[in-house]
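For clarity, every value in this text was computed on a predicted model and none was experimentally measured.
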Amino acid sequence: MELKKLIELQGRLWAGWRTLSVVCMLIALWQIGFELFGTLILPEPLAAFNRAIIFLGDNAGYAYTLATLKRAVVGFLLASFAGIALGLCAGWSNTLSLLCRPVITVSLGVPPIAWIVLAMLWFGARDGTPIFTVFIATAPIIFAGTLQGVRMRDVDLDEMAKSYRIGWLTSFWHVQLPQIVAYLFPAWATAFGVSWKVVVMAELLSSSVGIGAGLSEARVNIDSEATMAWIAIIVGLLLLIEGLVLNPIKDKVEGWKHAA
Amino acid sequence: MPHNTPLLRVDVAEHRYHPLKQTLAACQFAVQRGEIVSLIGPSGCGKSTLLRVAADLIEATSGAVVCHASTKAVLFQEPRLLPWKDLLANIGFGLKGVKGLSPRKRQTRSLDIAQKLGFNSDDYSKLPHELSGGMKQRAALGRALALAPELLFLDEPFSALDIGRRRALYRLLLSEVDSQLTTMLLITHDISEALALSDRILVMAPEPGRIVKVYQPDIPREKRDRQAVSAMEDDFMSDPMMHQLFELENWQQLQ
């Protein structure tokens, strides 16, 4: 048991190290780009990082980051609730799952930018626009993942549970849910990445607060250093959330899939 | 309940998965308490369907099943363990369907069974993918026996195992069955296995699935040895209908 934990810890450290080395390589490429093309095209990485630290230290910059984080997370959580609930219902019903297929195609086919325009008309320049856009862009992904998870489950295991007269709720929790989650999780992680992109895009067009708004200001001032600083903040947050939240959950829910 | 009422009575008029294809024609049989009944027949003749109907996993399109057993369990062809639960949790899983059994009692009972089935304590926390095929099926057997079922359905559960392992599992099963007076309905495609184990053998024919012959060995179960079984097999297979059913003209010759 102890040994198992140690191996797990080693695996996690190694994954962290891998991410770190890839990030460092990207920064090195960025440095090369800066040396080749100059500050206007690509600012010096160090300067951009300094700027990012200043942003985060300064009240307004901190508030911008927090606003973006809040909008992305709220939109994503709403999309998760709706997507999972509808996905379960649709997955359990043959008719519904057939009817839902075109709906998914259509809703995934509408570009997020179009939703932003609509949301701006509906919600104006308030929090509603980015939250709605995140919701509408990620809910179909989560819905499709859940639906797939329910449809692809092993019905033999359902039959086994039935043969032991296991109650509906117990059977859902112990037999179906682990399989659904294993399918849902990759979709869920993708949706989370999408929610970050979309929230910044919506803010850029519609808000006066948030990382997107910061980027919009940087564009007006032709400030490439500030632009890269904001990008560094977004990517940094995404990496942190992935490493500290998503990956541990993933190990927990998918551990049984990684056969020796 | 009077003593001569059968524990299980199956009275299927017909069953169809698809409206245009009759999977089962009329099939009637009863299983007495403590009896071991085998279903044999060529592949695809509807044995598994009939077993599912008898075990109340599916309902026949038309027909009735009367079962007086208070507890029953099914052993499927595949182990059907939950891949995300360890061995002990898998053995105890069937007990979740028993009302009023505390998790603690469930745990003790699964431990009991695991020991009885010869698992080591190192195995208890293993996930199914860490177990060999034989161990998985042994765990599935444990899950069924943990319930101490009055009626046990077996759908060729050990057919994927080699002969030694298969015999060991049957021996284990039989010792349990005899001590608890468990009633068994089992599917097998191994005729000598059916002859060695059963009190009665129902032979099924395909398209549509129906029972065409009932064979009752004269020698009681506990007195059968290899020689007796082989004599029974000769007698059983001498019926020309059997040759036709299993497409075994010249069954005495190999080539």
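Only the side chain of B:Arg52 has a heavy atom closer than 4.5 Å to any heavy atom of chain A. With a 4.5 angstrom heavy-atom cutoff, B:Leu95 does not touch chain A via any of its atoms. In this structure, chain A has a heavy atom under 4.5 Å from the side chain of B:Lys85, while its backbone stays farther away.
Within residues 162-177 of chain A, the residues that have a heavy atom under 4.5 Å from a heavy atom of chain B are A:Lys162, A:Ser163, A:Tyr164, A:Arg165, A:Ile166, A:Thr170, A:His174, A:Val175, listed by number. Contacts of residues 87-94 of chain B with chain A at a heavy-atom distance below 4.5 Å involve B:Phe93, B:Gly94, listed in sequence order. When the heavy atoms of residues 140-161 of chain A are compared with those of chain B, the residues falling under 4.5 Å are A:Asp156, A:Leu157, A:Glu159, A:Met160, A:Ala161, listed by number.
Each of B:Ala144, B:Ala73, B:Pro149 has some count of heavy-atom pairs under 4.5 Å with chain A, and the biggest count is that of B:Ala144. If you tally non-hydrogen atom pairs under 4.5 Å between each of B:Trp84, B:Phe153, B:Phe76 and chain A, the highest count goes to B:Trp84. Per-residue counts of heavy-atom pairs under 4.5 Å with chain A were compared for B:Val74, B:Leu57, B:Asp56; the largest is that of B:Leu57.
Heavy-atom contacts from other residues, nucleotides or ligands closer than 6.0 Å to CD of B:Gln115 number more than 12. Within 6.0 Å of atom NZ in B:Lys126, more than 12 heavy atoms from other residues, nucleotides or ligands are found, so the atom counts as buried in its surroundings. The local environment of OH in B:Tyr17 is crowded, with over 12 non-hydrogen atoms from other residues, nucleotides or ligands closer than 6.0 Å. The local environment of CZ in B:Arg200 is crowded, with over 12 non-hydrogen atoms from other residues, nucleotides or ligands closer than 6.0 Å.
Applying the ring-ring contact (aromatic ring centres under 6.0 Å, His included) test to A:Phe185 and every residue at least two apart in sequence or in another chain returns A:Trp188.
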